[in-house]
Protein chains: 2
Amino acid sequence: MLVDVDITQKAPVGRPRGFDADEALERAMLVFWEQGYEGASLTDLTSAMGITRTSMYAAFGNKEELFRKALERYTEGPAAYGGWALKEPTAREVAAAFLAGSVRTSTCPGLPAGCLGVQGSLAAGDPGQVARDTLTAWRNEGCSRLRERFQRAVDEGDLPPGTDPELLARYVMTVANGIAVQAASGAGRDALQKVADMALRNWPPA
Amino acid sequence: MLVDVDITQKAPVGRPRGFDADEALERAMLVFWEQGYEGASLTDLTSAMGITRTSMYAAFGNKEELFRKALERYTEGPAAYGGWALKEPTAREVAAAFLAGSVRTSTCPGLPAGCLGVQGSLAAGDPGQVARDTLTAWRNEGCSRLRERFQRAVDEGDLPPGTDPELLARYVMTVANGIAVQAASGAGRDALQKVADMALRNWPPA
DNA sequence: AAATTTTGCTACCGATCGGTACTGAACGGA
DNA sequence: TCCGTTCAGTACCGATCGGTAGCAAAATTT
């Protein structure tokens with residue numbers, strides 16, 4: 001059996017889709033962010049995306065897949081501060097950048113308050129457990145990235161020997177998660193940045 | 001028009017209810033805690049409560065009222081540590097007791113992980129906005145209680161003059177909320193207690 | 001121009017949602 | 001004992017849930 005591999009990526013036979021899939025995904029992400037997985041109905045989603053149910057299923061699979069892809073977009077978009085923070089030179093700057101990014105994204109004007117990775121689905125009934133588990137894994141993944149980064153900082157002498165990277169990572173992630181909840185409760189950016197500053201006042205010295 | 005006022009409270013005419021309303025409410029609270037407001041269907045709730053839909057509506061009103069009453073029970077039960085913590089003699093002990101209580105309740109074996117006041121409803125669609133607002137008010141109420149307590153601590157000299165009680169309260173509540181999210185993500189009691197300890201290492205001296 | 005493929009649309013699927021009408025039985029007060 | 005009230009249970013309400021079938025129009029390939 002011969003298979004034609006599309007090298008030029010220019011030959012999608014048939015009528016091309018009439019909407020921007022990226023922008024549609026962006027809209028879906030915002031709805032999930034604001035209303036959570038269970039609270040976002042297909043009607044909410046598709047009307048925000050500007051497409052019909054048929055087009056949505058053809059382009060994204062189903063609601064769970066749409067959520068997964070929206071989370072990926074969230075990770076590379078509003079939550080990209082997580083990856084950037086890991087590149088800071090010192091552990092303390094990593095933590096500060098991570099918390100500052102969390103504050104900024106959770107309180108961004110024009111965007112939903114809080115964090116999709118937290119309020120997307122913390123507790124759910126049967127039909128929403130896949131989404132819930134996906135988000136749990138997402139948060140724990142972030143925690144692991146921080147831990148690895150702090151472990152490196154210990155190895156490099158950036159953090160005092162004997163420092164527990166696991167604890168530090170959990171601590172930073174806990175504060176970030178709390179910031180997200182507080183933002184969803186209506187807390188403002190300045191107040192939360194002060195909280196983030198306070199959370200770093202006891203950081204291990206270099 | 002004459003009205004008979006029931007002074008003895010011993011004359012409920014008609015057939016008495018055949019179930020323990022308190023225990024039924026307890027069961028409902030657990031379902032809301034585990035699955036959230038939107039994720040808990042009436043079928044889930046009533047089958048856990050061991051009563052029929054009719055009895056539930058007669059005894060508690062509707063789903064929103066049931067949730068409100070379940071939250072009250074949660075406040076006086078698993079979340080009673082909040083009230084106890086305020087009675088500690090010093091601000092630092094208040095904060096420590098609050099966070100320790102948050103860790104214990106969020107990771108109690110046999111109970112759902114996390115905090116009903118957080119994961120009950122952080123983001124919701126239209127039908128769940130009342131529950132969401134109720135929880136937001138509940139969390140902000142807790143924040144206010146802490147602020148008042150810390151204000152008193154400042155007035156009494158327990159905290160250094162110039163200390164910002166609002167910031168302290170927000171800080172403690174943020175960490176507690178983060179602990180709840182972490183517990184819902186599977187974090188264990190010991191790990192979270194270490195996080196709570198770390199969060200208090202920079203507490204203002206007395 | 002023919003062939004192919006996806007579009008956008010309506011209408012619909014079975015299942016479940018929160019909530020209620022109706023019924024017969026069980027209980028208390030008179 | 002009889003009346004009045006509330007019980008628990010079933011069956012059902014309209015609405016909405018996530019997901020699809022079928023179709024004519026549109027757009028790209030060959």
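Just so you know, these numbers come straight off a predicted model, no measurement behind them. Lettering of chains follows the sequences in order, A, B, ..., and the numbering in each one begins at 1.
Stacking of Lys63(A) on the aromatic ring of Tyr37(A) is recorded, both the 6.0 Å distance cut-off and the 45° axial limit being met. Phe150(B) does not carry Arg147(B) over the face of its six-membered ring by the limits of under 6.0 Å from the centre and within 45° of the normal.
A salt bridge links Glu72(A) with Arg68(A): the distance from a Lys NZ or Arg NE/NH1/NH2 to an Asp or Glu carboxylate oxygen falls below 4.0 Å.
If you check the side chains of Asp155(B) and Gln151(B), you find a donor sitting under 3.5 Å from an acceptor. For the residue pair Ser121(A)/Arg132(A), the side-chain donor-acceptor check at 3.5 Å is not satisfied. Using a 3.5 Å distance cut-off with no hydrogens or angles, the side chains of Ser41(B) and Asp44(B) do pair a donor with an acceptor. Judged purely by distance below 3.5 Å, without hydrogens or angles, the side chains of Arg139(A) and Ser185(B) pair a donor atom with an acceptor atom.
Residues of residues 33-44 of chain B that place a heavy atom closer than 4.0 Å to DNA chain C, in numerical order, are Ala40(B), Ser41(B), Leu42(B), Thr43(B). Shown for residues 121-137 of chain B: no residue has heavy atoms falling under 4.0 angstrom of DNA chain C.
Taking atom CG of residue Asp20(B) and atom P of nucleotide dC7(D), one finds them 14 Å apart after rounding to whole Å. With rounding to whole Å, Phe60(A) atom CZ is found 17 Å from dG18(D) atom C1'. The distance between atom OH of Tyr57(A) and atom P of dA21(D), rounded to the nearest whole Å, is 12 Å. Between Leu66(B) atom CG and dG18(C) atom C1' the separation is 12 Å, expressed in whole Å. Atom CE in Met49(A) sits about 11 Å away from atom P in dG8(C), given to the nearest Å.
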Checklist entry - Between Asp133(B) and Gln129(B), does a side chain to side chain donor-acceptor pair (under 3.5 Å) hold up when you go through it step by step? => result CA-CA 6 Å; Asp133(B) 294 346; Gln129(B) 295 214 343; over 6 Å; no
Enumerate the protein-to-nucleotides 9-15 of chain C contacts in which both atoms are nitrogen or oxygen and the separation is below 3.5 Å.
from	atom 1	to	atom 2	distance (Å)
dC9(C)	N4	Thr54(A)	OG1	2.7

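Residue pairs meeting the salt bridge (Lys or Arg N to Asp or Glu O under 4.0 Å) criterion with at least one member in residues 19-31 of chain B, sequence neighbours excluded, are Glu23(B)-Arg27(B), Glu26(B)-Arg73(B).
Ranking dG8(C), dG19(C), dA8(D) by closeness to the Ser55(B) side chain, first place goes to dA8(D).
Remark on DNA chain D: of its neighbouring residues Met56(A) and Phe19(B), the 5'-side contact belongs to Phe19(B), judged by nearest-heavy-atom nucleotide.
For Thr90(B), the side chain to side chain contact (heavy atoms under 4.5 Å, CB included) partners two or more places apart in sequence, or in a different chain, are Arg92(B), Glu93(B), Asp158(B). Pro78(A) meets the side chain to side chain contact (heavy atoms under 4.5 Å, CB included) test with Met29(A), Trp33(A), Tyr74(A), Thr105(A); sequence neighbours excluded.
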